[in-house]
Amino acid sequence: PLPAWLLPFLPVAVSVVLEVLALLVLLVALGVQNELKASGVLFYCWFLIIRIIFSLAGAYFIAVLGVFIRDLRQLMPVLMTVLLFISPILYPPEVIPEQFLFFYDWNLLAQLVQGYREALLEGVMNWGRFSALFVISIICLTLAIWLFRSLMPRARYVL
């Protein structure tokens, strides 16, 4: 049988494949416009590693809590939509009113998106942003794995 700890890797692997395909389209578009910066692709890879770590943390967290909280599966699309709109994915951070910039500064997804933008579009690496996100992502993954290991033995009794 497949070990339970491997199951959260599947959605993360699928998301990485989809992101790489989208990245290839973006790189072609940037190349056509003569905006492609080779250093930006390298810097992007560092932020991709952070995204994978955050995704794994979320996958482990949701995998184990989904067993105990049955309605979590129905809540996820709503939560993902809210996350999309509170993060500057659909809009540039420059349009955020000054009184709301505090929320932007503390939004981890917003910081990750900004790191992606700086790397791919400007070819620069913000090492302070990267370091902070890396440390937080490792802490999140550690906590998620701990929670997964703690609750999985009880999951068979709930199922």
Side-chain angles (χ1 to χ4, degrees), residues 1-27 41 43-121 126 128-159:
L2 186 68
W5 64 269
L6 276 177
L7 292 176
F9 278 89
L10 182 62
V12 174
V14 169
S15 72
V16 170
V17 169
L18 292 174
E19 185 170 339
V20 168
L21 291 174
L23 174 67
L24 292 175
V25 171
L26 178 64
L27 292 179
V41 177
F43 296 150
Y44 164 83
C45 291
W46 289 107
F47 283 102
L48 177 62
I49 291 170
I50 290 175
R51 205 277 294 164
I52 292 169
I53 295 171
F54 272 128
S55 295
L56 276 173
Y60 275 111
F61 186 74
I62 291 167
V64 73
L65 287 184
V67 173
F68 297 98
I69 305 170
R70 300 282 178 159
D71 293 334
L72 189 59
R73 184 176 186 167
Q74 284 75 29
L75 284 174
M76 287 311 299
V78 174
L79 294 175
M80 295 304 288
T81 302
V82 169
L83 188 62
L84 177 72
F85 282 108
I86 65 171
S87 300
I89 295 172
L90 300 175
Y91 53 88
E94 293 81 28
V95 301
I96 300 172
E98 194 169 322
Q99 67 264 26
F100 297 117
L101 281 177
F102 173 81
F103 297 113
Y104 170 78
D105 291 337
W106 287 95
N107 185 336
L108 295 176
L109 183 59
Q111 295 302 318
L112 185 61
V113 168
Q114 190 60 30
Y116 275 179
R117 283 185 179 143
E118 289 172 351
L120 286 173
L121 302 179
N126 184 329
R129 175 179 284 121
F130 171 79
S131 301
L133 285 171
F134 184 74
V135 168
I136 294 169
S137 69
I138 294 296
I139 291 170
C140 288
L141 182 60
T142 303
L143 291 173
I145 290 173
W146 173 81
L147 184 70
F148 186 84
R149 287 184 177 170
S150 299
L151 293 179
M152 273 313 285
R154 298 180 198 151
R156 72 179 65 144
Y157 300 113
V158 175
L159 295 174

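Positions are given from 1 along the sequence. Computed over heavy atoms, backbone and side chain alike; hydrogens, waters and symmetry mates excluded.
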Are Phe54 and Leu133 packed together at the side-chain level, in the sense that at least one heavy-atom pair is separated by less than 4.5 angstrom?
yes

Among pairs that include at least one residue of residues 4-14, which meet side-chain hydrogen bond (donor to acceptor under 3.5 Å, both in side chains), considering only residues two or more places apart or in two chains?
none

Per-pair distances, 0.1 Å, donor-acceptor, side chain in residues 80-95, under 3.5 Å, sequence neighbours excluded:
unit_1, atom_1, unit_2, atom_2, d
Thr81, OG1, Pro77, O, 2.9
Ser87, OG, Leu83, O, 3.0
Ser87, OG, Asn107, ND2, 3.2
Tyr91, OH, Phe85, O, 3.3

Give, for atom CG of Leu18 and atom CG of Leu23, the distance between the pair rounded to the nearest 0.5 Å.
12.5 Å

Residues in side chain to side chain donor-acceptor pair (under 3.5 Å) contact with Arg51, at least two apart in sequence or another chain:
Ser15, Glu19, Ser55

Taking side chain as C-beta onward, heavy atoms only, is Leu121 less than 4.5 Å from Tyr116?
no

Determine, step by step, whether Val135 and Ser131 satisfy the side-chain contact (heavy atoms from CB on, under 4.5 Å) criterion, reporting the C-alpha distance in whole Å, the side-chain angles of both residues, the deciding distance to 0.1 Å, and the verdict.
CA-CA 6 Å; Val135 168; Ser131 301; 5.6 Å; no

Are any of the side-chain heavy atoms of Phe134 and Ile53 separated by less than 4.5 Å?
yes

Could you list the residues that satisfy ring-ring contact (aromatic ring centres under 6.0 Å, His included) with Phe61, not counting sequence neighbours?
none

I need the full list of salt bridge (Lys or Arg N to Asp or Glu O under 4.0 Å) pairs touching residues 74-92, with sequence neighbours left out, sorted by first then second residue.
none

Residue pair Leu151 / Leu65, side-chain heavy-atom distance below 4.5 Å:
yes

Closest approach of Val67 to Ala155 (non-hydrogen atoms, all atoms of both residues):
CG1-CB, 3.8 Å

Is it the case that atom OH in Tyr104 sees more than 12 heavy atoms from other parts of the structure closer than 6.0 Å?
yes

Going by the rule ring-ring contact (aromatic ring centres under 6.0 Å, His included), which residues pair with Phe47 if we only count those two or more places apart in sequence or in a different chain?
Phe130

If you look only at pairs with a residue in residues 135-149, which of them pass as a side-chain hydrogen bond (donor to acceptor under 3.5 Å, both in side chains), with sequence neighbours excluded?
none

Set of ring-ring contact (aromatic ring centres under 6.0 Å, His included) partners for Phe148, sequence neighbours left out:
Tyr60

Residue pairs involving residues 54-66 (criterion salt bridge (Lys or Arg N to Asp or Glu O under 4.0 Å); sequence neighbours excluded):
none

Please, which pairs that meet salt bridge (Lys or Arg N to Asp or Glu O under 4.0 Å) have at least one residue in residues 3-18, sequence neighbours excluded?
none

CZ of Phe68: more than 12 outside heavy atoms within 6.0 angstrom?
yes

Partner set under side chain to side chain donor-acceptor pair (under 3.5 Å) for Arg129, not counting sequence neighbours:
Gln111, Glu118

Residues which pass side-chain contact (heavy atoms from CB on, under 4.5 Å) with Leu143, listed by chain and number, not counting sequence neighbours:
Ile139

